[in-house]
Amino acid sequence: MKKLFVLQTRFSLWNIGVLPTLRLGRENDAEGAALKLFDPMRLELRCKIFFDYSLPLIHDAYRAGFDILHSVLYSTRLPQWVLDKIEEAKVKYAWFRPVGVGWDDKLDYYGPIRAVVIDHVVKNSIVEDLVVSGTRLDDDDLLSIGFFTKLSSYLEEPFAGFGVSFPRGFVGRWGRNGFNLFSNIYEVKICVGISQINLFRVNDLKFDLPYLLVPGAHTTVDERVPMILDGTGAQVFIRSFHKTNDFSHGRDTTKYLHRIFSEPVSVDPFEVLRGRR
């Protein structure tokens, strides 16, 4: 079977179905949440990480031979300069698949995944069934080439229906001029890169199993699907921390950040992510 890696990112998504899942959405009405979500400083930071760090790393993996599609759900209310950057990425990267989402649109996370996989199969006249991974990637987190290498070992038919979590990575603190501190992290079922394995039948243009992404909250996903936890080898992601994290919204994170950054690393995490160390 052929292997296909599908990523899904929700980029500053302002939607009636999404806001209740965000801390800033639960603490503000729709317009109040929009003001915070589309704050220029927040968007500048998110765009810097997403377009300048995350996408080039994915492209490195694509050029290394991994068959990747990246479904990016974004709010159609984003300012024009951000919409322009999304359009530029669509032109630049053959694997980048943006999907505009309005406030009232019924949001179906699986729909865009089905759409990009069917489009990929039809346009490329693929006749061999696929093992497909559906991977969650937030717009401010980064994946390594090694992530795809490790995940590839589980893109086999016997693992269909399993979730996959790689707990070993880095946390990076984003400051005024970019990332300025890194530390190791080991967190089981971390949201960064958590993946679900499925089978896609090209004759019927359908998935075999119901889950295209891990179902429900990542912290309790093992209660719904069997999970593979693989902490071997090098770190495979960077989880970023900054003032606009939804995790940080309305919380005093001083003690938490002090704990997770208590042992700074001496290696360059980007050298690790690019497979050079």
Side-chain angles (χ1 to χ4, degrees), residues 3 5-9 11 44-70 72 85 88-89 92-96 133 135-155 164-195 218 228-245 247-248 256-277:
K3 300 179 181 183
F5 303 82
V6 181
L7 312 177
Q8 186 171 88
T9 296
F11 187 86
E44 286 175 11
L45 184 157
R46 296 285 175 142
C47 285
K48 183 69 176 176
I49 297 176
F50 187 62
F51 293 106
D52 294 355
Y53 288 86
S54 181
L55 297 190
L57 282 168
I58 295 169
H59 193 55
D60 285 348
Y62 178 80
R63 290 190 299 177
F66 295 103
D67 206 359
I68 298 169
L69 298 172
H70 189 181
V72 179
K85 291 184 78 67
E88 290 167 6
K92 184 175 182 179
Y93 301 118
W95 42 265
F96 188 82
S133 57
T135 297
R136 172 179 169 176
L137 180 63
D138 288 353
D139 59 12
D140 56 352
D141 294 328
L142 316 175
L143 298 178
S144 71
I145 294 177
F147 171 87
F148 295 95
T149 301
K150 290 187 71 168
L151 186 56
S152 179
S153 65
Y154 299 111
L155 261 65
V164 183
S165 170
F166 302 134
R168 191 170 182 220
F170 298 105
V171 284
R173 187 181 68 188
W174 184 272
R176 182 173 298 176
N177 298 310
F179 288 108
N180 58 21
L181 182 65
F182 293 96
S183 185
N184 288 305
I185 187 172
Y186 187 97
E187 184 177 324
V188 172
K189 297 176 292 182
I190 191 168
C191 60
V192 186
I194 196 165
S195 302
H218 63 94
I228 297 166
L229 303 176
D230 184 351
T232 63
Q235 300 90 335
V236 295
F237 63 81
I238 295 176
R239 182 185 183 190
S240 67
F241 277 94
H242 44 78
K243 291 182 179 179
T244 75
N245 284 122
F247 173 84
S248 303
Y256 177 76
L257 294 179
H258 177 75
R259 178 174 62 82
I260 66 171
F261 287 108
S262 61
E263 298 181 11
V265 297
S266 57
V267 300
D268 180 349
F270 288 99
E271 291 293 293
V272 176
L273 263 61
R274 293 188 178 99
R276 297 172 185 163
R277 292 187 65 110

Could you list the donor-acceptor pairs under 3.5 angstrom formed by side chains in residues 175-184, with sequence neighbours left out?
residue, atom, partner, partner atom, Å
N180, OD1, R173, NE, 2.9
N180, OD1, R173, NH2, 3.4
S183, OG, I260, O, 2.9
S183, OG, E263, O, 3.0
N184, OD1, Q235, NE2, 2.7

Practice task
Over all heavy atoms of both residues, which pair between W174 and H242 is shortest? Give the atoms and the distance, please.
Solution key: CB-CB, 3.9 Å
Handout entry: N/O donor-acceptor pair under 3.5 Å between S195 side chain and G193 backbone
Key = yes
Practice task
If the plane angle is over 60° it's perpendicular, under 30° parallel, otherwise tilted; pick one for Y62 and H59.
Solution key: parallel
Completion exercise
Here the gap from K85 atom NZ to L55 atom CG, rounded to the nearest 0.5 Å, amounts to 9.5 Å
Problem - Residue pair L273 / F170, side-chain heavy-atom distance below 4.5 Å - result: yes
Handout entry: Pairing residues for T9 by the side-chain hydrogen bond (donor to acceptor under 3.5 Å, both in side chains) criterion, not counting sequence neighbours
Key = H70
Problem - N/O donor-acceptor pair under 3.5 Å between S152 side chain and T149 backbone - result: no
Problem - Pairwise distance CG(L142) to CZ(F50) - rounded to 0.5 angstrom - result: 10.5 Å
Handout entry: Spacing of L229 atom CG and S165 atom OG [to the nearest 0.5 Å]
Key = 5.5 Å
Problem - Min side-chain heavy-atom separation V236-V192 under 4.5 Å - result: no
Practice task
Find the distance between CG (D140) and OG (S54) and round it off to the nearest 0.5 Å.
Solution key: 9.0 Å
Handout entry: Residues that D139 engages under salt bridge (Lys or Arg N to Asp or Glu O under 4.0 Å), provided they are two or more places apart
Key = R46
Practice task
For the pair D268 (side chain) and F270 (backbone), establish whether a donor and an acceptor sit closer than 3.5 Å, ignoring hydrogens and angles.
Solution key: yes
Problem - Point-to-point distance, once rounded to the nearest 0.5 Å, from CD1 of I145 to CG of D60 - result: 5.0 Å
Practice task
Would you check, one step at a time, whether the test side chain to side chain contact (heavy atoms under 4.5 Å, CB included) holds for I49 with S240?
Solution key: CA-CA 9 Å; I49 297 176; S240 67; 4.1 Å; yes
Fill in the blank from the handout: All heavy atoms of G231 vs all of Y186, minimum pair found to be CA-CE1, 4.1 Å
Practice task
Please report the closest heavy-atom contact between D141 and R239, naming both atoms and the distance.
Solution key: OD1-CA, 3.3 Å
Problem - Qualifying residues under ring-ring contact (aromatic ring centres under 6.0 Å, His included), relative to F5, sequence neighbours excluded - result: F66, F148
Problem - Between OH on residue Y154 and CD1 on residue I228, distance to nearest 0.5 Å - result: 6.0 Å
Exercise for the section: Keeping the roles fixed (side chain from T135, backbone from L7), state whether a donor-acceptor pair exists under 3.5 Å. Expected result: no
Handout entry: For the student: nearest non-hydrogen atoms of P269 and V265, plus distance
Key = CG-CG2, 4.3 Å
Completion exercise
When every non-hydrogen atom of I68 is compared with those of W95, the smallest separation belongs to O-CB, 3.0 Å
Handout entry: Contacts of type ring-ring contact (aromatic ring centres under 6.0 Å, His included), residue F166, not counting sequence neighbours
Key = F147
Problem - Donor-acceptor contact present, side-chain K150 to main-chain D230, <3.5 Å - result: yes
Exercise for the section: State, with a plain yes or no, whether a side-chain heavy atom of L57 is found less than 4.5 Å away from one of I238. Expected result: no
Exercise for the section: Would you mind reporting whether L137 and F237 have side-chain heavy atoms less than 4.5 Å apart? Expected result: no
Problem - Set of side-chain hydrogen bond (donor to acceptor under 3.5 Å, both in side chains) partners for K48, sequence neighbours left out - result: D52
Fill in the blank from the handout: Closest non-hydrogen atoms of K189 and H218, given as atom of the first, atom of the second and distance, are O-ND1, 2.8 Å
